[in-house]
Visitor: 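Please see the structure below; I have some questions.
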Amino acid sequence: MGPMELADYVGLDTTKFIIDGWHEKHPDVPLFEPSEILNDLVARNKLGRKTGEGFYKYD
């Protein structure tokens, strides 16, 4: 399982929440910069497996 599939499995909203928390605590670490793609998917309610679509589509 790669990182995108894992994020879909966990939930993109959960993944975003975690990354946002890390960014708040460590704003100088580039790895924790918010992801525009992730933010867009969450805004469009594409949260991964739980909604049937995220980085991948699920049936």
Side-chain angles (χ1 to χ4, degrees):
M1 180 180 292
M4 301 306 178
E5 188 177 358
L6 179 60
D8 271 0
Y9 185 79
V10 171
L12 299 185
D13 54 335
T14 303
T15 302
K16 180 183 175 339
F17 179 79
I18 292 166
I19 292 172
D20 288 348
W22 286 341
H23 178 65
E24 188 176 312
K25 284 193 171 221
H26 308 285
D28 56 328
V29 178
L31 184 62
F32 302 145
E33 285 292 317
S35 164
E36 289 182 34
I37 295 170
L38 180 61
N39 291 342
D40 178 59
L41 288 169
V42 171
R44 293 188 293 141
N45 202 40
K46 295 183 177 189
L47 307 178
R49 285 194 162 271
K50 61 179 140 188
T51 60
E53 187 174 359
F55 288 108
Y56 299 96
K57 287 189 178 189
Y58 303 92
D59 293 327

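Bear in mind that the values here come from a model prediction, so they are computed numbers and not experimental data. Note: hydrogens, waters and symmetry copies are ignored here, and every other heavy atom, side chains too, is used.
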Visitor: Assess the residue pair Phe17 and Thr14 against the criterion (side chain to side chain contact (heavy atoms under 4.5 Å, CB included)); give the C-alpha distance rounded to whole Å, side-chain angles, the decisive distance to 0.1 Å, and a yes or no.
Guide: CA-CA 5 Å; Phe17 179 79; Thr14 303; 5.6 Å; no
Visitor: If you compare all heavy atoms of Pro34 against all heavy atoms of Asn39, which two are closest, and at what distance to 0.1 Å?
Guide: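 In terms of heavy atoms, the two residues are closest at CB-ND2, 4.0 Å.
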Visitor: Find the distance between NZ (Lys16) and CD1 (Ile18) and round it off to the nearest 0.5 Å.
Guide: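 Separation between the atoms: 12.0 Å.
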Visitor: If you measure from CD on Glu33 to NE2 on His26, what distance do you get to the nearest 0.5 Å?
Guide: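 Output value for this atom pair is 13.0 Å.
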Visitor: Is any side-chain N of the basic residue among Lys50 and Asp13 closer than 4.0 Å to the acidic one's carboxylate O?
Guide: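 Yes, charged N to carboxylate O under 4.0 Å.
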Visitor: Hey, any chance Tyr9 and Leu38 share a hydrophobic cluster, counting ILVMFWY side chains that come within less than 4.5 Å of each other, even indirectly?
Guide: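 Cluster IDs for Tyr9 and Leu38 differ.
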Visitor: Would you say Ile37 and Leu47 are hydrophobically clustered, going by side-chain heavy atoms of ILVMFWY under 4.5 Å?
Guide: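 Yes: a chain of side-chain contacts under 4.5 Å links Ile37 to Leu47.
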Visitor: If you look at every heavy atom in Tyr58 and Glu53, which pair is closest and at what distance?
Guide: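 For Tyr58 versus Glu53, the nearest heavy atoms are CD1-N, 4.3 Å.
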Visitor: Does Val42 belong to the same Ile/Leu/Val/Met/Phe/Trp/Tyr cluster as Tyr56, with side-chain heavy atoms less than 4.5 Å apart forming each link?
Guide: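 Hydrophobic grouping puts Val42 with Tyr56.
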Visitor: May I ask you to decide if Phe55's main-chain N or O and Asp8's side chain share a donor-acceptor pair within less than 3.5 Å?
Guide: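 Confirmed, Asp8 side chain pairs with Phe55 backbone.
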Visitor: Nearest heavy-atom pair of His23 and Phe32: which atoms, and what distance?
Guide: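 Between these two residues, the closest heavy atoms are CB-O, 3.0 Å.
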Visitor: Same cluster or not: are Leu41 and Val10 linked, directly or through other Ile, Leu, Val, Met, Phe, Trp or Tyr residues, by side-chain heavy atoms under 4.5 angstrom apart?
Guide: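 In one cluster with Leu41: Val10, no.
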